[in-house]
Amino acid sequence: MKVLFVSTEVQPFIKTGGLADVSYALPKALQAQGVDVRIIMPKYGDISENYTSKLTQLASFGVSVGWRNQYCGLQYLNYEGLPVYFVDNEYYFKRPGCYGYYDDGERFAFFCRAVMESVCHMEDFYPDVIHCNDWQTGLIPLYLRDVYYERPEFKRAGCMYTIHNLKYQGVFAPSVLEDLLGLNMGYYTDEKLKFHDGISFMKAGIVFADKVTTVSETYAQEIQTSYYGEGLDGLLQEKAFKLYGVTNGLDYSINNPLKDPHLVQNYSARSIKRKTANKLALQNRLGLPENPDVPVVAMVTRLVRQKGLDLVTCVMEDILKMNLQFVILGSGDSEYSDFFEYYASAYPGKIAAYIGFDEGLASQVYAGADLFLMPSMFEPCGLSQLISMAYGTVPVVRETGGLRDTVVAYNEYTGEGNGFSFANFNAHEMLHTLEYAISKYEDKEVWDGIVSQAMKTKFDWPAQAKRYIALYKEMCC
Ligand code: ADP
């Protein structure tokens with residue numbers, strides 16, 4: 001089976017969130033099960049020269065973006081056995097970061113067309129499945145069905161579209177249909193791309209793909225309701241027959257405290273005592289008093305509303321009254337970074353805030369903390385809680401999306417559970433759950449049991465990849 005995996009961020013080349021982790025780990029797991037999988041992504045300016053210097057140029061050709069004809073280079077890298085193609089156009093992609101530009105609509109319209117054209121330049125590779133991810137790739141299912149369907153390369157191809165986050169939809173003015181997408185106004189209808197007064201790339205993916213998946217079972221249900229549906233719940237109910245939830249896995253070869261090169265002391269469940277050295281090192285690095293006994297509560301997160309930061313800011317004073325140290329590593333909206341930086345300066349021994357994106361420090365936080373707070377408003381899957389569990393750091397989460405599917409609340413009668421959870425998006429419910437968790441931290445025997453169950457929790461990619469393969473098989477002829 002041949003699968004072209006299309007993503008706009010892939011670890012280790014570039015990452016803004018969990019999509020990058022998935023876009024490396026899932027193809028790797030598919031390949032291990034015999035799938036001929038190839039990744040294709042934009043060649044961003046921020047990709048390290050360690051990789052770009054090793055690229056081979058395969059072809060160059062023109063790609064139409066509405067009335068424009070833009071240069072496209074197709075470059076190739078074999079990364080640890082995984083074939084990765086890079087779409088090269090410096091005008092669109094030689095910029096810092098991945099997203100957030102005024103012309104993102106044009107950039108990713110180009111990317112979608114460029115992917116279709118690139119397939120025609122990949123020797124001997126007629127995909128059985130094109131697997132697209134998030135709004136940036138949403139036009140590909142449409143192009144496959146309505147524009148490229150007669151090309152021999154695509155005759156057999158089925159199309160899967162995975163929603164990693166329904167919040168980000170790629171909505172643009174209707175005029176882009178003709179100006180950028182090379183389509184006509186016939187697509188500006190409720191059945192096709194129309195979304196309020198604009199057109200939505202996300203909707204294109206949902207409407208035109210053969211199968212739509214999202215990254216947890218619970219999120220697949222939630223997005224069919226108005227609270228979580230971001231205005232697309234009606235459409236998703238209608239398309240429920242082709243909508244599936246497949247919970248993300250975690251790559252335990254990378255997220256492994258026994259091998260992680262960023263830690264001062266590697267450890268496993270069997271040598272959990274060594275975790276303490278990481279706690280002391282974290283406290284030292286962040287200027288907190290070095291104390292092995294005080295519980296360290298941490299967050300590693302994008303600083304956006306989705307992550308439930310409003311609950312934390314609402315009861316910050318109460319949190320800091322507890323016997324704990326609070327650590328936050330995050331980047332994003334300034335309303336939150338300003339808030340946490342202020343508190344870090346006002347309560348220097350209690351809270352440390354590191355504003356930025358730092359993967360090494362993230363590992364040190366996962367290893368050095370005792371509890372990991374993730375009170376998300378919604379959470380398609382969430383990898384951070386899986387990483388924290390792998391590092392023996394007990395998650396405290398809101399029961400939503402993938403958090404609900406992966407964290408089992410501690411039950412003091414049976415002793416079962418790998419974390420703590422609360423149901424409603426309510427600051428005091430979160431606070432009380434955190435207080436309860438801290439009270440259990442103080443009972444060493446109970447705590448060790450919860451840590452051990454957290455470390456035993458496994459959401460392996462091989463098992464999840466099997467589910468994708470079963471869905472792929474239903475799509476190819
Ligand atoms: P999302 O994709 O919504 O951001 P996930 O929990 O699925 O959330 O994945 C987030 C990933 O990004 C995790 O691997 C997490 O460790 C990482 N991450 C988030 N913020 C930072 C940061 N400031 N520095 C380093 N890594 C981060």
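This is a predicted model, so every value here is computed, not measured. Quick note: numbers below take in every heavy atom, side chains included, and nothing from hydrogens, waters or symmetry partners. Each ligand, and each atom within it, is numbered from 1 in the order the structure gives.
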Run the ring-ring contact (aromatic ring centres under 6.0 Å, His included) check on Phe201 and Phe172 step by step: do they pass?
-> CA-CA 8 Å; Phe201 285 24; Phe172 304 98; 5.1 Å; yes

Check whether NZ of the Lys or CZ of the Arg Lys440 lies under 6.0 Å from the centre of the six-membered ring of Phe420 and within 45 degrees of that ring's axis.
->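 Judged by the rule, Lys440 and Phe420 form no cation-pi pair.
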
Is Arg38 close enough and on-axis enough to Tyr85, meaning under 6.0 Å and within 45°, for cation-pi?
->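 No, Arg38 does not lie over the aromatic ring of Tyr85.
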
Could you go through ligand 1 and note, for every N or O atom, any protein N or O atom closer than 3.5 angstrom, writing the atom names and distance to 0.1 Å, or 'none'?
unit_1	atom_1	unit_2	atom_2	d
ligand 1	2 (O)	Gly18	N	2.6
ligand 1	3 (O)	Arg302	NH2	2.8
ligand 1	3 (O)	Lys307	NZ	2.8
ligand 1	4 (O)	Arg302	NE	2.7
ligand 1	6 (O)	Leu383	N	2.9
ligand 1	6 (O)	Ser384	N	3.1
ligand 1	6 (O)	Ser384	OG	3.1
ligand 1	7 (O)	Leu383	N	3.1
ligand 1	8 (O)	Lys307	NZ	3.1
ligand 1	9 (O)	Gly18	N	3.3
ligand 1	14 (O)	Lys15	NZ	3.0
ligand 1	16 (O)	Tyr366	OH	2.6
ligand 1	23 (N)	Gly356	O	2.8
ligand 1	24 (N)	Asp358	N	3.0

Between Phe110 and Tyr92, does the ring centroid distance fall short of 6.0 Å?
->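 Centroid distance Phe110-Tyr92: below 6.0 Å, so yes.
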
Look at the aromatic rings of Phe108 and Phe111 and report parallel, tilted or perpendicular, splitting at 30° and 60°.
->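 If you compare the ring of Phe108 with that of Phe111, the planes turn out perpendicular.
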
To the nearest 0.5 Å, how far apart are CH2 in Trp447 and OG in Ser439?
->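 If I round to the nearest 0.5 Å, the distance is 9.0 Å.
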
